[in-house]
Amino acid sequence: MIDFTFGGNGAETGSVWGRSLLEPLAPDALTPFTSSLLTEIVARAWYLYYDRLGFSPTPRARVVRLHAGRPYVNLTLSATLDAENAGVAPPVFRLDGSARPLFAWEKPGFLAGMKLARGAKKIEETLRSLQQELPAITSKAAAWQQRVAGLRWSQAEILQIMEEIERVGASALLPYFAARHNLETTYRRLLMLLGARTEVEAAALIGRALGGATPTVELEMAQHVQRLGQSAAAQPEVRAWLNAGVFEAWASSLPPGAFADDLQTFLARYGHRGFHEGEIAAPRWAEAPAALFAAIRACAQATPAPGAAQSADPQPLLAAIDGKARKDAQQLVEQMRNLLTLQSHALHAVAYILTGTRQWALAAGREAMVDHRITDLEAIFFYEVEEVKEMMTGEWNISDRSGIHATAAERRQTLAAWRLTASPELIWGDREAAALATSLPAAAGAVEGDVVIEKNIAGLAAGVILVCQQPESADAILLPAARAFITTQGSLLDPLCACARSLGRPGVVAAGAAIATVSPSTRVAVDGALGKVTIL
């Protein structure tokens with residue numbers, strides 16, 4: 001398991017908070033609007049999950065806290081309920097070189113174990129039910145987003161949607177929370193079964209056991225972009241249009257034909273998705289498809305030969321585990337496969353709510369610009385949700401324009417500073433625990449190539465090594481043109497990794513901030529089986 005080192009001062013008391021559960025949605029510091037919304041809907045989703053299990057969660061418990069603009073989830077709160085009601089051992093972390101459980105816990109005796117087994121079974125049943133319910137949850141989320149998109153945005157409609165956001169957001173986020181929380185629990189149980197092996201060795205074994213046959217939305221998006229690239233390559237006028245790179249009026253300038261028709265199909269299905277989509281201030285592909293066109297253009301070039309999906313091979317993992325525990329390990333691997341699928345499709349549902357919320361926020365922003373409460377539309381994201389409500393209802397008086405403007409200006413500066421700083425992976429009581437530098441295998445294979453940083457996506461070309469901050473869902477559309485990927489943070493539980501194994505693209509995660517600062521076109525070697533990146 002990853003080693004963490006303590007920093008800062010303070011006693012090791014109180015709850016332990018972690019970033020990883022929300023990293024696929026929030027890998028970086030968030031605007032006040034987004035962070036305030038996520039804090040509320042994650043807390044509501046947490047309560048819905050544990051209430052559904054019958055574990056008697058405490059209403060209004062502090063589930064999420066913010067640190068340097070990044071959300072941290074209360075790991076102690078969830079682990080305590082899991083242990084007390086289902087006999088799930090609390091997670092163990094390596095802190096300053098020694099293994100440390102989240103809290104002291106003893107394996108229950110026979111009679112208590114029988115009772116706790118019912119709680120464990122309830123978790124399994126709930127996860128299966130959520131998988132079955134997810135299509136309906138997704139349809140409801142999509143219908144809500146479409147209703148929001150169709151509004152004329154009178155002040156009454158703004159106020160009406162304002163009252164719905166947190167409720168519909170929590171219902172959509174519930175399957176994601178359940179999937180991600182149990183993914184992390186299952187992963188740590190496998191790490192414990194693998195004993196003294198380093199997390200690099202353990203992650204390689206787990207990734208090999210999982211293989212690449214996981215049906216995910218990320219794989220669907222990647223394959224669709226690859227088809228769009230092939231369609232563009234077959235239409236010279238589309239190739240010329242993509243190469244020109246003038247996409248401001250793309251809807252009217254795009255040449256008609258098969259490519260244009262298939263692009264509309266893609267946007268109808270995935271237009272509500274986008275890069276850094278957990279940040280509501282970030283545009284979606286339907287609004288700003290330039291990055292999508294860059295991915296398609298790269299796929300229209302001589303793309304790398306499609307890799308075969310990595311076959312699942314659990315034998316090396318099972319051979320590394322004591323014989324008595326091998327059956328448990330097999331079940332945990334299968335559970336991880338199911339949870340990776342649930343996580344992926346749940347993110348797709350949540351994205352509808354995030355997009356609808358963005359549409360509402362922009363409508364509120366336009367309303368606030370009429371009387372100059374804000375001076376530019378993007379400023380609306382520098383107010384918390386409750387503050388936007390106060391502006392819309394007149395509670396934040398229009399006479400305080402200067403105060404409203406000053407609040408946004410100050411928060412812009414603060415956010416910019418936060419995004420230049422690293423944040424700890426854990427907050428253990430009053431102390432910060434940062435991960436020691438390491439790289440983890442995410443998808444096997446060894447290749448060399450020139451890097452392109454996700455921030456400079458306009459320079460994406462066939463055969464590059466993609467470097468991004470977090471293995472987030474939307475980066476999947478960049479994989480078909482890439483030979484491999486590297487991320488500065490994250491884990492093999494993140495959405496991009498399953499997609500990469502399905503596409504046969506090697507990958508390394510948690511390579512550290514240093515890799516993000518490499519110059520464009522730097523040549524690197526990636527060994528996804530060893531979790532190793534070498535600058536050549």
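In this chain, residues are counted from 1 in sequence order.
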Any side-chain heavy atom of [X] within less than 4.5 Å of one from [Y]?
X: Leu205; Y: Arg208; answer: no
X: Leu210; Y: Leu492; answer: yes
X: Val63; Y: Leu77; answer: yes

Salt bridge (Lys or Arg N to Asp or Glu O under 4.0 Å) contacts touching [range] (sequence neighbours left out):
range: residues 315-340; answer: Glu334-Arg337
range: residues 485-498; answer: Arg180-Asp494
range: residues 125-136; answer: Arg52-Glu133
range: residues 16-26; answer: Arg19-Glu23, Arg19-Glu425

query: Looking only at heavy atoms, which two atoms of Gly119 and Ala86 are closest? And how far apart?
result: C-CB, 3.6 Å
Closest contact, heavy atoms only, Ile353 versus Gly169: CG2-CA, 3.6 Å
query: Checking side chain to side chain donor-acceptor pair (under 3.5 Å) for the pair Glu432/His67: CA distance, chi angles, key distance, verdict?
result: CA-CA 10 Å; Glu432 298 178 1; His67 177 80; 3.1 Å; yes
message: Using the rule given for side chain to side chain contact (heavy atoms under 4.5 Å, CB included), can you reason through Arg44 versus Leu174, listing the C-alpha separation, both sets of side-chain angles and the distance that settles it, and then say yes or no?
response: CA-CA 8 Å; Arg44 289 189 179 208; Leu174 168 60; over 6 Å; no
task: Indicate whether any N or O donor in one side chain lies under 3.5 Å from an N or O acceptor in the other, for Glu279 and Thr34.
output: yes
query: Centre of Trp17's six-membered ring, under 6.0 Å away, within 45 degrees of the axis: is that where NZ or CZ of Arg65 sits?
result: yes
message: I'd like to know if Glu218 and Arg501 make a salt bridge, using a cut-off of under 4.0 Å between side-chain N and carboxylate O.
response: no
Partner residues of Arg70 under the salt bridge (Lys or Arg N to Asp or Glu O under 4.0 Å) criterion, sequence neighbours left out: Asp28
Ring pair (Phe, Tyr, Trp, His ring centres under 6.0 Å) partners of residues 178-222, not counting sequence neighbours, each pair once: Phe177-His181
- prompt: Can you list the steps and then say if Thr80 with Phe55 is a side chain to side chain contact (heavy atoms under 4.5 Å, CB included)?
  reply: CA-CA 10 Å; Thr80 300; Phe55 288 3; over 6 Å; no
